[in-house]
Amino acid sequence: MPHINYEDKELVFKIVYYGPGLSGKTTNLVYIHNALDRDKRGDIIVLDTEEERTLFFDFFPLHLGRIEGYQVKFNMFTVPGQVYYEASRRLILEGADGVVFVADSALSRMEENIESFLMLQNNLESFGVDWRVFPITLQYNKRDLPLLIPLGSIEKRLGLNGMPVTESVATDGTGVMETIRLASRLVIERFQI
Amino acid sequence: MVVKRGVKKSEVAAVLEKLIEKSGSLTGLLITKEGVSFAEAGDTSYLNTTAMAALVAGMFSATREVARLVGEDQFSILLQQGENRHIHISLIQDSGMMVVIFEGYERIGRVRHEARKTGEELSKMITDKEEKRQEESREKKEKGEGIIATSQFKEYALNAIDRIFETR
Ligand SMILES: Nc1nc2c(ncn2[C@@H]2O[C@H](COP(=O)(O)OP(=O)(O)OP(=O)(O)O)[C@@H](O)[C@H]2O)c(=O)[nH]1
Ligand SMILES: [Mg+2]
């Protein structure tokens with residue numbers, strides 16, 4: 001459920017970029033931040049290690065504008081993908097209104113994608129969230145690589161369907177805005193209050 | 001989310017303002033577990049409160065995990081001591097955080113004392129209002145009213161999204 005401030009008429013949604021280590025979550029977020037007009041974004045916070053691996057999270061606030069009297073914002077987060085940061089991942093995911101799952105399309109990374117998606121389902125369940133109806137957008141990133149997992153292979157392995165799916169090359173921005181567009185649309189469509 | 005519908009931002013800010021005054025502190029904030037700043041008091045001109053809220057919420061949840069590792073449920077107070085400025089953070093009802101920024105470490109006794117009192121006051125406000133809110137939302141549900149998520153609202157929001165994330 002989004003944060004609502006009735007007095008100031010402010011509505012804040014939380015969108016989380018989730019996925020295995022090095023799949024391109026931070027690259028997505030940084031690209032979006034750079035692409036937005038200044039009046040639509042706040043400062044970005046990047047909490048990473050010396051090797052630029054996300055240690056805790058990346059974050060920036062995105063201002064959608066005033067809609068029906070409400071100032072609508074999306075707080076955008078990434079989680080750390082490395083396996084041993086599971087505790088941090090859970091903390092950041094809590095309270096999310098929508099998730100972008102950034103999959104690594106490298107053929108060799110299939111199992112990491114599956115493991116990470118199962119962890120996402122697990123985490124959502126532990127918050128009492130039914131992941132079957134929760135807004136998740138699946139992004140097949142790194143489509144510029146030579147050896148790729150086929151589109152649809154992750155859904156097939158996990159028996160999922162009906163999820164919006166995108167293809168991207170986050171390093172040059174291809175598909176990045178389309179992914180967040182679909183993800184935030186889904187969040188708004190599912191939103192009830 | 002702790003700070004529910006029915007708890008007014010201005011009421012919380014007034015309580016925080018009192019705390020700032022009595023303890024001689026610089027700034028007070030109430031932050032939700034989701035990392036959103038709900039109410040602010042004192043001088044906030046030097047502070048990016050959006051970033052502050054996201055970071056403090058992260059810090060507090062990390063601390064909760066650390067607490068669990070040593071067999072505690074949570075450390076209810078965090079104290080950060082700097083060169084000139086210091087931060088006192090206390091947990092309000094397991095999901096909100098009250099942040100007090102102050103100068104002069106000799107004030108810590110007063111800050112701690114006032115923060116405890118204010119924390120109790122805020123807890124009480126939040127609980128009272130929460131009960132009322134649940135009643136209200138039950139009534140609303142029975143009547144089948146949407147409060148914000150009307151089809152009009154959604155249509156405008158979706159249009160704004162398409163505009164902002166239009167592929168250039
Ligand atoms: N070839 C290629 N490389 C990419 C793409 N997207 C990201 N990368 C690279 O992959 C590496 C990891 O990207 P990050 O965005 O830091 O990955 P992350 O998911 O945030 O990683 P963690 O924070 O460790 O979970 C970087 O070197 C990026 O430049 C892509 O679409 N194609
Ligand atoms: Mg990262």
Are [X] and [Y] connected in the hydrophobic side-chain network, where two residues link if heavy atoms are under 4.5 Å apart?
X: B/M59; Y: A/V79; result: no
X: A/V12; Y: B/L55; result: no
X: A/L120; Y: A/F13; result: no
X: A/Y31; Y: A/V102; result: yes
X: A/M163; Y: A/I188; result: no

Reported [atom1]-to-[atom2] distance for the pair [X] and [Y], which is rounded to 0.5 angstrom:
X: B/E65; Y: A/L91; atom1: CD; atom2: CG; result: 5.0 Å
X: A/R181; Y: B/I164; atom1: CZ; atom2: CD1; result: 12.5 Å
X: A/R190; Y: B/K154; atom1: CZ; atom2: NZ; result: 9.5 Å
X: B/R163; Y: A/K40; atom1: CZ; atom2: NZ; result: 7.5 Å
X: B/F165; Y: A/L182; atom1: CZ; atom2: CG; result: 11.0 Å
X: A/F191; Y: B/F153; atom1: CZ; atom2: CZ; result: 5.5 Å

Is it the case that more than 12 heavy atoms not belonging to [X] sit under 6.0 Å from its [atom1] atom?
X: A/D43; atom1: CG; value: no
X: B/Y156; atom1: OH; value: no
X: A/D130; atom1: CG; value: yes

Which atom names give the shortest non-hydrogen contact between [X] and [Y], and what distance separates them?
X: A/F57; Y: B/G58; value: CE2-CA, 4.2 Å
X: A/F56; Y: B/A62; value: CZ-CB, 4.1 Å
X: A/E189; Y: B/L158; value: OE2-CD1, 4.0 Å
X: B/I161; Y: A/F74; value: CD1-CZ, 4.2 Å
X: A/H3; Y: B/F38; value: CE1-CD1, 3.9 Å
X: B/A157; Y: A/I67; value: CA-CD1, 3.6 Å

Enumerate donor-acceptor pairs with a distance under 3.5 Å from any side-chain N or O in residues 152-159 of chain A to protein atoms, sequence neighbours excluded.
residue : atom : partner : partner atom : Å
A/S153  : OG   : A/P150  : O            : 2.6
A/E155  : OE1  : A/Y140  : OH           : 2.4
A/R157  : NH1  : A/E111  : OE2          : 3.0
A/R157  : NH2  : A/E111  : OE1          : 3.1

Does anything in residues 74-90 of chain B get under 4.5 Å of chain A by heavy atoms, and if so which residues?
->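 Counting heavy atoms that sit under 4.5 Å from chain A, no residue of residues 74-90 of chain B is involved.
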
All side chain to side chain donor-acceptor pair (under 3.5 Å) counterparts of B/S10, not counting sequence neighbours |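 B/S10 satisfies side chain to side chain donor-acceptor pair (under 3.5 Å) with A/E7 only.
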
Please classify the contact of [X] with chain B as side chain, backbone, both or neither, using a heavy-atom distance under 4.5 Å.
X: A/F59; answer: side chain
X: A/L62; answer: side chain
X: A/I92; answer: neither
X: A/S184; answer: both

Non-hydrogen side-chain atoms of A/E94 and B/K33 separated by less than 4.5 Å =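 Side chain of A/E94 against side chain of B/K33, heavy atoms only: contact under 4.5 Å found.
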
May I ask you to name which of A/I44, A/L47, A/I45 has the most heavy-atom pairs under 4.5 Å with chain B?
->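 With the most close heavy-atom pairs to chain B, the winner is A/I45.
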
Using residues 39-54 of chain B as the side-chain source, report each donor-acceptor pair under 3.5 Å to any protein atom, sequence neighbours left out, with the distance given to one decimal.
residue : atom : partner : partner atom : Å
B/E40   : OE2  : B/S37   : OG           : 2.7
B/E40   : OE2  : B/T49   : OG1          : 3.3
B/D43   : OD1  : B/S45   : N            : 2.9
B/D43   : OD1  : B/S45   : OG           : 2.6
B/Y46   : OH   : B/T27   : OG1          : 2.6
B/N48   : OD1  : B/T50   : N            : 3.3
B/N48   : OD1  : B/A51   : N            : 3.0

Going through the distances and angles, do B/V36 and A/K73 end up as a side chain to side chain contact (heavy atoms under 4.5 Å, CB included)?
-> CA-CA 11 Å; B/V36 178; A/K73 291 185 192 166; over 6 Å; no

